[in-house]
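Worksheet for the structure shown next.
Just so we're on the same page: letters track the sequence lines, and every chain starts at 1. The model shown is predicted, which means the values in this text are computed figures rather than measured ones.
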There are 2 protein chains.
Amino acid sequence: MDEVSRLATVLRPVRAGNAFEETVERLLQVIKLGLVAEKLPPERELAAQLGISRVTLREAIRALAEAGYLTVRRGRYGGAFLTYTPPRPRRDDLRRAVVDMGTDDLGDALTFRMAVECGAAQVLATAALTEERRDTLRERLREVNSSGPDDYRRLDTAFHLAIAELTGSSLLAAACADARLRVTDLLNAIPVLRRNIEHAAIQHEAIVTAILAGDPEGARRAVAEHLEGTAALLRGFLA
Amino acid sequence: MDEVSRLATVLRPVRAGNAFEETVERLLQVIKLGLVAEKLPPERELAAQLGISRVTLREAIRALAEAGYLTVRRGRYGGAFLTYTPPRPRRDDLRRAVVDMGTDDLGDALTFRMAVECGAAQVLATAALTEERRDTLRERLREVNSSGPDDYRRLDTAFHLAIAELTGSSLLAAACADARLRVTDLLNAIPVLRRNIEHAAIQHEAIVTAILAGDPEGARRAVAEHLEGTAALLRGFLA
DNA sequence: CGTCAATGGTCTGACACTAGCCCAATAAGA
DNA sequence: TCTTATTGGGCTAGTGTCAGACCATTGACG
């Protein structure tokens with residue numbers, strides 16, 4: 001923890017890559033997290049939101065279309081339609097995904113996720129929530145608990161992100177989304193079993209109960225336990 | 001929390017600004033956080049670390065030199081030397097800084113900081129720490145506790161960042177650094193009083209004790225209490 | 001069955017940024 | 001006093017990105 005290593009924290013690259021690459025990454029996030037139902041917003045609008053030119057956005061869309069994630073149709077009522085269905089997890093996919101990611105990056109991502117999601121739950125449990133927000137949280141819980149295996153990942157993501165978003169901090173929401181994204185591919189490689197869903201449902205209940213009760217310690221602990229299960233499973237492949 | 005607002009989390013601008021602006025921002029961070037003692041690394045090296053061209057870096061350095069933060073000297077043993085001393089806080093500086101930042105951004109930053117720093121402390125308290133890391137933490141504590149008013153902010157920053165860095169997650173370290181930076185200007189506008197330092201010292205002790213004892217709940221609570229003091233002070237200016 | 005609004009497709013001129021090269025200055029050390 | 005390694009200063013050719021305009025296509029609706 002000398003001066004050099006402290007510097008490295010701030011003296012990292014200013015930009016993750018070129019605009020094209022970053023855009024592809026972003027769009028993949030939107031698609032894989034299931035944040036958009038059937039088609040992307042119009043190019044002009046999307047380019048404005050992403051702060052890039054239409055040219056660059058279109059290159060990214062073309063790349064994703066060639067990779068099979070999107071199908072683009074012209075004319076009014078056209079657009080970039082999603083044609084992505086998460087592949088059915090196969091034996092050994094997970095191991096390969098974990099190894100691809102690398103020991104250091106995986107540990108980093110899991111630690112990061114643990115910290116920000118626990119922090120978000122704690123903050124939310126500390127805040128004075130409006131009845132509307134409490135309802136939103138209950139609604140997300142209901143959705144994920146009543147989902148079938150096909151929709152499970154998407155609704156689970158929505159539930160976890162909702163906790164961060166309800167804090168009202170967009171920085172925190174972005175951090176949680178980022179953390180989730182770094183393990184999305186790994187999660188998608190884990191088969192969704194009825195038993196896992198039921199187990200997770202109990203933990204989700206505990207999280208919501210603690211948050212609504214205004215119990216930061218309980219919320220923190222519940223999230224930590226919930227995430228530790230997945231983390232331990234993934235870390236197991238590194239041995 | 002409809003689809004639109006969930007999208008907004010991910011569909012934010014891919015780049016914060018142009019390379020020049022982001023570089024200036026980064027260098028200011030390094031300077032204001034006191035992460036570098038007397039001069040910046042050589043241009044070629046720095047440009048490589050920041051992932052930008054020397055031309056862009058040099059523009060940023062020139063801007064900072066004109067603003068009085070740096071003095072550049074040519075030739076061997078030359079470089080960009082720091083000539084920045086934090087201005088002595090004056091009455092009303094703080095109020096102006098808070099108002100400049102805006103209600104939403106300030107709340108966002110404070111919430112974000114609360115979440116990531118609490119999360120980092122919790123994670124660190126959960127981890128099995130090597131004796132070396134325990135020593136590093138004790139050392140940072142000792143430094144900040146024995147500092148005078150002049151060095152206080154810098155060593156306080158180092159202490160808080162050390163918690164995140166000791167988790168071994170560079171993502172988490174970056175998030176904490178980011179969170180800290182968003183309130184640096186405000187903190188610098190708060191006079192450093194002996195009474196505040198003593199109060200903070202007790203809280204710092206509690207944080208370290210909980211972490212070293214492997215008590216995540218206690219660590220979380222100690223950090224939350226520590227940060228709540230500052231947060232309440234700043235929020236007071238928004239009323 | 002035509003109209004037209006909304007959407008993707010394409011082009012151009014301008015600017016930002018980069019990589020790589022060489023020059024100029026400086027101060028430690030022979 | 002001279003050499004030389006190290007550092008900032010400056011130039012150029014090439015590429016990435018942007019803003020804005022205009023074209024092409026489509027399908028709902030009158």
Side-chain angles (χ1 to χ4, degrees), chain A residues 4 7 11-27 30-31 36-84, chain B residues 4 7 11-27 30-31 36-84:
Chain A
V4 171
L7 262 180
L11 292 188
R12 66 207 130 93
V14 213
R15 359 197 78 172
N18 56 38
F20 164 73
E21 288 167 356
E22 289 186 61
T23 304
V24 169
E25 205 54 43
R26 274 296 176 76
L27 295 181
V30 174
I31 296 169
V36 52
E38 58 164 355
K39 73 167 191 171
L40 298 182
E43 289 180 357
R44 294 164 232 267
E45 192 180 316
L46 195 49
Q49 287 181 308
L50 293 174
I52 55 173
S53 72
R54 250 187 91 203
V55 181
T56 305
L57 173 62
R58 283 172 51 67
E59 279 177 26
I61 289 179
R62 190 156 54 80
L64 290 174
E66 281 170 9
Y69 289 96
L70 297 170
T71 304
V72 178
R73 287 210 300 270
R74 301 183 61 169
R76 191 172 188 178
Y77 307 97
F81 294 82
L82 270 63
T83 50
Y84 170 76
Chain B
V4 172
L7 262 180
L11 292 189
R12 65 206 129 95
V14 278
R15 1 196 78 173
N18 58 37
F20 164 73
E21 287 167 357
E22 288 187 62
T23 304
V24 168
E25 204 54 41
R26 273 295 177 75
L27 295 181
V30 174
I31 296 169
V36 54
E38 60 164 354
K39 72 166 192 172
L40 298 181
E43 289 180 356
R44 294 165 231 269
E45 194 180 314
L46 196 49
Q49 286 181 308
L50 294 174
I52 55 173
S53 72
R54 250 186 90 204
V55 181
T56 305
L57 173 62
R58 283 170 52 68
E59 278 177 27
I61 289 179
R62 190 157 54 80
L64 291 174
E66 281 170 8
Y69 289 98
L70 297 170
T71 304
V72 178
R73 287 210 301 270
R74 302 183 60 170
R76 191 171 184 179
Y77 306 95
F81 295 81
L82 268 62
T83 51
Y84 171 76

Among the candidates D:dG10, C:dG9, D:dT17, find the nucleotide nearest to the side-chain atoms of B:Arg58.
-> D:dG10
From CZ of B:Arg73 across to C1' of D:dT6 the rounded distance in Å is 14 Å
Can you tell me if the side-chain N/O atoms of B:Thr56 get under 4.0 Å from OP1 or OP2 in C:dT18?
-> yes
Rounded to the nearest Å, what distance is computed from the CD atom of residue B:Glu45 to the P atom of nucleotide D:dA5?
-> 19 Å
Want to settle it: does A:Arg15 or A:Val55 sit nearer the 5' end of DNA chain C, counting the closest nucleotide to each?
-> A:Val55
Overall bend - the helix from C:dC1-D:dG30 to C:dA30-D:dT1, comparing terminal axes fitted on five pairs, nearest 10 degrees | 10°
So which one's nearest nucleotide on DNA chain D is more toward 5', A:Gly51 or B:Glu43?
-> B:Glu43
Round to a whole Å and report the spacing from CG of A:Leu57 to P of D:dA19.
-> 12 Å
Rounded to the nearest 0.5 Å, the CD1 atom of A:Ile61 sits from the CZ atom of A:Arg54 at a distance of 9.0 Å
Calculate the interatomic distance between B:Leu46 atom CG and C:dT18 atom C1'; express it in whole Å.
-> 16 Å
If every non-hydrogen atom of A:Lys39 is compared with every non-hydrogen atom of A:Leu82, which pair is closest and at what distance?
-> CA-CD1, 4.1 Å
Rounded to the nearest angstrom, tell me the gap between atom NZ in B:Lys39 and atom P in C:dA27.
-> 11 Å
Less than 4.0 Å between a side-chain N and a carboxylate O, is that true for A:Glu22 and A:Arg26?
-> no
B:Glu43 with B:Arg58: basic N within carboxylate O range, under 4.0 Å | yes
Listed nucleotide nearest any side-chain atom of A:Arg44, set C:dG9, D:dT17, D:dG9 = C:dG9
Could you tell me whether B:Ile61 contacts a base, only the sugar-phosphate backbone, or nothing, with contacts defined as non-hydrogen atoms closer than 4.0 Å?
-> nothing
Please report the shortest heavy-atom distance between A:Thr83 and A:Gly68, naming the atom on each side.
-> OG1-O, 3.1 Å
Integer-rounded Å distance: D:dT7 C1' and B:Arg54 CZ | 8 Å
A:Ile52 CD1 to C:dA16 P, straight-line distance once rounded to whole Å | 19 Å
Closest nucleotide among C:dG9, D:dT17, C:dA19 to the B:Ser53 side chain = C:dA19
Length of the CD-P vector between B:Glu21 and C:dA16, whole Å = 11 Å
Which residues pass the side chain to side chain contact (heavy atoms under 4.5 Å, CB included) test with B:Arg74, sequence neighbours left out?
-> none
Just wondering, do B:Ile31 and B:Leu70 contact through their side chains at under 4.5 Å, heavy atoms?
-> yes
Candidate nucleotides D:dT25, D:dT6, C:dA6, ranked by approach to the side chain of B:Arg76 - the nearest = D:dT6
Side-chain contact test, heavy atoms from C-beta onward, threshold under 4.5 Å: evaluate it for B:Thr56 versus B:Asn18 and give yes or no.
-> no
Can you figure out which of C:dG9, C:dT18, D:dA28 approaches the side chain of A:Tyr77 most closely?
-> D:dA28
What nucleotide, of D:dG8, C:dG8, C:dA16, holds the atom closest to the side chain of B:Val72?
-> D:dG8
